[in-house]
Amino acid sequence: MIVGWLTAGMLAASQDQARDLLILSPDADTVLSGRSSFSADVIPPTAPVRYVALFVDGTQVCRMTARPYTCSWDAGPEAVPRSVRVVAEMADGLRLVKTLRTTAQASGPSFRAATDVITVPVDVRDNRGHAVMGLSQTQFQLQEDGQAQQISTLLTSSAALTVLLGLDVSASMEPVIGEVTKGARAFLEALRPQDAVSIAAFNTGFFVIARAGSPPAARNDALDKIRTTGTTALYDSMVRAADLMKSQPAPRVIVMFTDGVDTASRATLETVRGAFQTGDIALYLVLQGEIGQGEAPENLARLARETGGVALFAKQTKLLREHFTTIVNELKNRYVLVYSPSRPLGDGAWREIAVEVAGKNDYTVRSRTGYLAQRSTTPPR
Amino acid sequence: MSLLTGARAARLLFVLASALLSGGLAAATADAQQLWSEVGLPGGAAGARRLAGLGTPEERSDATFLLDFIRRSGTSDLERTAKPLERYLQLMDALQSEFGRWPDGVSLPSATASDQERSSIEKFCRVVGLDLLRQRGEYRVEVGKSEEAAERAVWLKWVGIDLPKASADLNFGARVRFSISEATLPLPLPAFWAAEVFKRDVAPIVSILNARSTLWTYLGLMGLDEDTLMYLNSQPRLVRKIGEESGGAFAAFGRSLHVKTGAVQVPGGPEWLPVWEQLVSSRANQPPDFMLSLLSADGGRLAYFYDALMQLSPLRQSFVLGAHLPANRRLAFVRSVYRWFKDVDPPWSVATGPLRRPDFDPFMVLTFVDTRADGTIGPRWWSGVLERIFASQDWPSRQMSAEPSAEAHQTDAAWLLDWIFQTPAQARLRFETLRYAQRQFATTPPDLGGAVEIALRARAEMPALALSLERMGIADPRLVAALATTAHRLTAGNFNDAGPLLRRWQGALGLLEQIHLRHELPPPVLEELLQSLSVSIPAKMAESNGVVGAWVSQKLLPAVLPQIVPDADFERRAFTVFTTPRTAPETFSWEGLSYTNDPSGLVARSALAMRQSRRGPRLQDLVALTDAERRLEGPVASVADLQKIVDLFAPIEPVLATLPKRIGKFPPIARNFQDSVVRLRQITKPGDLKRVARERLVMLTTLDSVTDAVVPSILYALAGSPTSVPAVLGDAWFLHDLQDPEFGEHRRPWRDTAWQIPTGTVRQRGGTSMVGSLLAVDVALADARLVRLPAAEVPSGTIIDPGAAPAITRLLASGAWRNADGLADVVAKTIEGRRRVEAWRAQSPPTPDVARALRAALVDPWRINLMLWRASQGHAHAFDELRPTELYRLGGGDRMPEQLGAPEGFIDGCLCRARLEMPSLENLRGRRIGIGSAVAGDLSLRLAEHLTPLKLPLTLVPTLLPAAVQDWLDQISQLWLDDWEGFALWPRRVPMDRVEDYLLQLIATGAWVPAGATR
């Protein structure tokens, strides 16, 4: 017998046929779409179970450690066949696996209505620099390449945001990482419950360490576990962050913190620009230390402004927390205008956006300055 | 306090006493039991490893601690590396003794305690690092405030003693039990150490650490076989002398000393005894003299040669020793071979840096070169060809004109090393060129010698060209020579004139290469395309000509695509064809569901997304422009015909606005094109049709520019796919340079870079880009295919030799496995190897058969001894460190099939996973170039093993590699540069549930298409 070389699960599987895993819901005839429920059970009920994990199309969607083994998952609007796999790991290491494939919608594939809409974050300040709130949709005037556009929706500060917080964890961050995580914690605490926040860490790799919907304790835990290593691929990470966000509900915001000049990216600033513009994402950057000088930061700052965000420079560590607070305040006190461009998207050209508040020349209006008309964007919720 | 009162020391003395009682120490007939003992590592391995920067016990077995320390400390200053460790171990030894005196624990003395009681507790506190204080008649303790006490508290924490907490507990009145773990390390020839090295009052381990010579002696003894240890067991003075006089050579090469029945066994066997005795100047049946002479001769270089020979297979030994020669010529022959072992890398001193090796040396050549039974490496005429290539840079003026040299030499070992090492700076390149010849032209007749010469010149001067053609399966030297001659012509001028055309031509060839890698063109089609490309260059290099664009549109695409309809969807359809293999994808079941393994859809989607992430001309624009331009070439018969042609140019105009600035700005392509179209439209009289010719140059320039914007971009999209975020690579093609992008004193001449396999370089303005040819781009971008499965935290910083990491990621450039021939047999033999090892577990102590089997499986002697020692101690995991490939050999396997072989690139340059006969990894220690390659095959084999019980086809292994290699890279922890154990850990341990994660990822990304679904 070759005990020790085979996994415990493999051995246990051959030894114990009495226990079984059942997928109670869905079944093979189910059409999965929208919010869907899953249910599984292990028999006999007395069998000690370490966890039950559910995978859909190869991605783990939930993991349960106690009965009832039920959870729900958003299958999205498309009613396509899905591979559902449930794994139960028993206390003694035995792994039980069941898999099934759901069916497609009987009436054929469904199509999601694509709406070419552009979201424009707008920050309005009075002559004392205070945020101006309470403006109505009709008070805003929006032009695209000099042509007036019809604003379809005004999202006020109460609208839920989709936020990704990206933290540079390259080795050079070691001296300031403590301050950065403190600032990040304050930032996360200041966001509203309705905001969907995920956290990513990056160096040459890009790691989502807390997904949207994670409880605050899990987010704090993720921040606690951050360790610094490697070099910085800032541009690549920005593209990855934008790629992750582009399918999330608008308005979308990425807040990135870095201290380093990019030494490892394959992407260029133009790639980053394309990713943010086509993803309809506002970029906020906190640039720490010496990076606040030279050509690269200037370009990054311009990029952030184009998206309706801002780049803040923190030569001293003590400014970090202040900058995080500035960003969260701006996010809480901004408007988001939504419009469908009068010209169709798709030519890939740069289109200038200008926003004004009618009759308020003493207001300072800062907004997204344009976009690349490359493809459809995701409608806001 | 006497340090010899430590429990560990006591146990050692017990072992030695037993040996003495049995008369073993002095007797030459000492039995095997007395050859090995143990030496204690006070405090256990965790703390010592932490202090010495040697990883964790989870990564490494306790027993290797001292070997790891010696290998890592290498030639560094012992005062700096060993002294803190000595201090730590002395403390742990003292604590161990002290704790042993308080088996029931310690509590603070009462106010009425006797002086003796108070004094012994005071001593206890002093050793531990606590200050015993008396306040208001009561005793209490505090953690000491001195620097030494602080250090002690930290060290105690490492071994599980929380001193502040213990202090609080004591002050609370509790009785506190202190204990400290210990580890044991193998100790060969305990009698020698007891008699010659260990000192009273010093922990034995500290005595070994005390001097470089004792460390070298330990390493050397750990590599000896049982017979030799048995012999040396009766010669403690000899061992001491060896350590003092030639410790370095003994540490590195002692493993090749084999003494049996009173004589040293020499490489090659008894037939070669006279040769070796002459070289060593000593008789083999006088082992002490022979060993001392061998190890000291030429500063250890003779031992280096002797050890190298001992590592070679019998066939290779015969090759090196001149077995094809009459006996009276052999000594001179061997001396001429040995000369290069003596002379290579002159600054290298075996005495002070025995664990270092020259980066490239005769041993590497003799290990990896193909040898023939007649004592040569190839036909005689090769020597003339190879010598000419490196003697002159003049290419034959006409193709196929070179003749085999009449003064060719026998290509034996002496010639081989002479030819390779006579110009040290070229040694590696010469070896790689020879290996290329061996792979490609081993059976080519001499009448094709001229073509072979050009092909080999291409390998030496334009490696990317030769190696890419090799990878495409082109072995006809005439076709290689035809392409090489064109490439050479393209590279002849200055960069400003020749560079643009060279880039364009390379791009076209690179695109064909990337398509062929995925779509597998039939050989006649491929060869015809290459032939036509070899003549697709204009007479005047610097002029716009449209030749390459025309080749792509009119030769390449028609040969690959079923039909050419350059509409808006054309590029997407083209990608679908480019990425679809000609063989049908495999269908299989997993957990009751059926799937087809068809990653081509994933590749096509990724490639298309990469292209679409940026604006620019598309493939259909290139085809349409070529078509319009060729019609203009004419002759144009009438004004009406001309206007129809001009109408074909119209859709191109907006596309030109999207050309990248670098391509479209100087000259201003879009504006010139627009003006030209206007001028063509103004031709309304037949007599003016002659003006059409003038406009052609503008159209050709436009065609070249569109070619420059389309072809490399598509080849990059194919080469970098599938990748998780295609947009990251959206601009990478544009940054690719044939020459160093930045200026500076280290900028290489462009001809030195333009035909090299591309590599990444950090740009002055940030980020990285590729420098080198546009061939083999998929190899350079192999890491773009890595897949990181979701992880809840950032992986701990991996420590990896940057020179070795690419050897691992190159696994991802190998492409799909067309068949699983022989793989099931490999897995079966590996499982058989595991069964065999399992049977050994039941034996204690292990039988001599175990050592023999491990040696035959090319396990190095140090690890064999470690495993046997651990097994004899009843350690359940004694053999866990065997690598999958070693288990395969233990199960009766020999060479790996090509699919499971190592990526050869870092050994002989080949872009293949060929069937190189891999040596023991110990033979690559000190040589950074081979380690990554040599370990790489382990991972594929481990994955294949896991797929077997799942009843999944073994051809799926490459599809698991992107995620498995990423895991591997995240796990590697090399403790020093050539620490191959740090590499080998993960492939050995990949668990089944992780493999399931990899499989699920294939479903998630769509690489596995469920039955009934479309890709």
Side-chain angles (χ1 to χ4, degrees), chain A residues 1-7 9-10 55 57-60 80-81 83 85 87 95 97-101 169 171 201 203 205-210 222 225-230 233-236 239-240 242-243 261-268 270-271 274-275 278 295-296 347-349 374-375, chain B residues 590-593 612-615 654 657-658 724-725 727-732 734-735 760 762 765-770 781 784 788 790-798 831 834-835 837-838 841 876-877 880 949 966 970 991-993 996 999-1006 1008 1010-1013:
Chain A
M1 182 135 178
I2 50 174
V3 182
W5 293 101
L6 304 178
T7 64
M10 289 160 68
F55 300 82
D57 288 344
T59 303
Q60 184 172 321
V80 295
S83 295
R85 182 174 190 260
V87 177
R95 293 174 86 238
V97 181
K98 279 286 157 64
T99 308
L100 63 81
R101 188 157 175 81
V169 294
N203 42 36
F206 184 82
F207 315 89
V208 178
I209 54 175
K225 285 181 181 167
I226 278 182
R227 50 193 155 205
T228 54
T229 177
L234 176 62
Y235 290 174
D236 285 2
V239 174
R240 286 176 192 279
D243 185 71
V261 174
D262 200 317
T263 52
S265 283
R266 286 196 167 120
T268 62
E270 277 304 297
T271 324
T278 55
E295 188 183 351
D347 62 9
Q374 206 140 323
R375 60 173 180 75
Chain B
W590 184 48
E591 295 179 346
L593 296 180
Q612 290 181 340
S613 67
R614 298 308 309 272
R615 301 166 77 198
T658 65
S724 53
V725 184
V728 167
L729 286 173
D731 279 337
F734 181 71
L735 297 175
V762 177
R765 290 181 180 180
T768 62
S769 63
M770 288 291 166
L781 292 181
R788 194 188 299 279
E793 55 190 87
V794 182
S796 60
T798 54
I831 291 171
R834 292 196 189 280
R835 281 185 211 285
V837 169
E838 194 54 42
R841 285 182 206 281
H877 301 288
D880 281 6
Q966 180 65 70
D970 286 344
M992 174 62 100
D993 56 355
E996 288 181 4
L999 296 174
L1000 289 169
Q1001 182 270 337
L1002 293 172
I1003 299 172
T1005 56
W1008 279 15

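Every chain is numbered from 1, with letters handed out A, B, ... down the list of sequences.
Of the listed residues A264(A), A275(A), G274(A), the one with more heavy-atom pairs under 4.5 angstrom with chain B than any other is A264(A). Among Q966(B), M770(B), R615(B), Q612(B), the residue making the largest number of heavy-atom pairs under 4.5 Å with chain A is R615(B). Comparing N203(A), V97(A), I226(A) by heavy-atom pairs within less than 4.5 Å of chain B, the highest count is held by V97(A). The choice from R788(B), Q1001(B), H877(B) that makes the most heavy-atom pairs within less than 4.5 Å of chain A is R788(B).
Heavy atoms of F55(A) lying under 4.5 Å from chain B belong exclusively to its side chain. For D236(A), the parts lying near chain B are the backbone and the side chain together; criterion is any non-hydrogen pair under 4.5 Å. Heavy-atom distances place both the backbone and the side chain of A349(A) under 4.5 Å from chain B. Residue contact with chain A, scored on non-hydrogen atoms closer than 4.5 Å, is absent for L999(B). For a residue to count as touching a neighbouring chain, one of its non-hydrogen atoms must lie under 4.5 Å from one of that chain's; by this rule A657(B) does not touch chain A. In this structure, chain A has a heavy atom under 4.5 Å from the backbone of S613(B), while its side chain stays farther away.
When atom types are taken as modelled, the side chain of T768(B) and the backbone of S265(A) share a donor-acceptor pair closer than 3.5 angstrom. For the pair D57(A) (side chain) and A1004(B) (backbone), a donor-acceptor distance under 3.5 Å is absent. Using a distance-only test at 3.5 Å, with no hydrogens or angles considered, a donor-acceptor pair links the side chain of D262(A) to the main chain of Y235(A).
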### Message
W590(B) vs I1003(B), test: side chain to side chain contact (heavy atoms under 4.5 Å, CB included). Steps then yes/no.
### Response
CA-CA 11 Å; W590(B) 184 48; I1003(B) 299 172; 3.9 Å; yes
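Residues R841(B) and E838(B) are paired through a salt bridge, judged by an N-O separation under 4.0 Å between the basic side chain and the carboxylate.
A heavy-atom distance below 4.5 Å is not found between the side chains of I209(A) and K225(A).
Every residue meeting the salt bridge (Lys or Arg N to Asp or Glu O under 4.0 Å) condition with E591(B), not counting sequence neighbours, appears here in chain and number order: R85(A).
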